[in-house]
Amino acid sequence: MKVTVFVTPKKTVLDPQGAAVGHAMEHLGLNPSSDVRVGKTIEFDVDGTDTPELREQIDKICDGLLSNPVIEDYRYELA
């Protein structure tokens with residue numbers, strides 16, 4: 001099963017990289033309709049099926065390794 005984790009800065013945290021990308025987009029003639037946020041995507045495979053136990057393990061990995069819960073949010077998709 002493939003796990004795709006999306007990590008983004010929390011809405012309350014300044015995102016200078018996102019602001020720079022937003023300004024660059026405006027310079028190129030595209031005005032984003034909302035703030036641009038820059039994050040990261042992590043993909044990995046796990047054995048097993050979608051169960052509450054697997055999701056608990058993925059949450060532990062996301063909270064303890066893949067994101068900084070103080071300044072970042074995450075979500076993930078299983079496929």
Side-chain angles (χ1 to χ4, degrees):
M1 173 174 294
K2 180 174 288 297
V3 181
T4 306
V5 181
F6 303 94
V7 180
T8 55
K10 289 187 175 191
K11 292 288 184 189
T12 56
V13 173
L14 292 177
D15 182 7
Q17 189 176 9
V21 170
H23 290 303
M25 291 170 72
E26 291 172 4
H27 182 72
L28 294 173
L30 178 65
N31 292 323
S33 60
S34 63
D35 288 340
V36 177
R37 309 296 284 179
V38 174
K40 58 188 172 187
T41 304
I42 302 107
E43 294 181 344
F44 56 94
D45 293 321
V46 295
D47 292 329
T49 59
D50 185 0
T51 62
E53 293 80 18
L54 177 64
R55 287 182 177 266
E56 186 177 324
Q57 288 181 322
I58 294 171
D59 283 329
K60 282 183 181 178
I61 291 169
C62 291
D63 279 333
L65 178 66
L66 301 179
S67 70
N68 179 344
V70 175
I71 60 170
E72 294 174 320
D73 290 323
Y74 71 86
R75 66 181 175 84
Y76 58 85
E77 296 175 354
L78 303 175

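Computed from heavy atoms alone, side chains included, the values below leave out hydrogens, waters and symmetry copies.
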Check: Do the non-hydrogen side-chain atoms of Ile42 and Tyr76 ever get within less than 4.5 Å of each other?
Finding: no
Note to self: Take a 6.0 Å sphere around CG of Leu14 and say whether it holds more than 12 heavy atoms from other residues, nucleotides or ligands.
What the structure shows: no
Margin query: Surrounding NZ of Lys2 (heavy atoms of other residues, nucleotides or ligands, distance under 6.0 Å), is the total greater than 12?
Written below: yes
Check: Are His23 and Glu26 close enough that some pair of their side-chain heavy atoms sits under 4.5 Å apart?
Finding: yes
Check: Do Phe6 and Val21 share a hydrophobic cluster, counting only Ile, Leu, Val, Met, Phe, Trp and Tyr and linking them when any side-chain heavy atoms are less than 4.5 Å apart?
Finding: no
Checklist line | Point-to-point distance, once rounded to the nearest 0.5 Å, from CG of Asn68 to CG of Asp73 | finding: 11.0 Å
Next item on the list: Among Leu54, Val46, Asp45, find the one that has a side-chain contact (heavy atoms from CB on, under 4.5 Å) with Val3.
Entry: Val46
Item checked: Common cluster, Tyr74/Phe44, ILVMFWY with side-chain heavy-atom separation under 4.5 Å -> yes
Margin query: Taking the side chain as everything from C-beta on, heavy atoms only, tell me whether Thr41 gets closer than 4.5 Å to Thr4.
Written below: yes
Item checked: Side chains of Ile71 and Lys10 in contact at under 4.5 Å (non-hydrogen atoms) -> no
Check: Of all heavy-atom pairs between Leu78 and Met1, which one has the smallest distance, and what is that distance?
Finding: CB-SD, 3.9 Å
Next item on the list: Work out which heavy atom in Ser67 is nearest to a heavy atom in Cys62; give both atom names and the distance.
Entry: OG-O, 2.7 Å
Next item on the list: May I ask whether Val38 and Leu30 are part of the same hydrophobic cluster, defined by side-chain heavy atoms of I, L, V, M, F, W, Y residues being less than 4.5 angstrom apart, directly or through others?
Entry: yes
Checklist line | salt bridge (charged side-chain N to carboxylate O under 4.0 Å, His left out) against Asp35, all qualifying residues, sequence neighbours excluded | finding: none
Next item on the list: Enter the distance from Glu72:CD to Asp15:CG here, rounded to the nearest 0.5 Å.
Entry: 10.0 Å
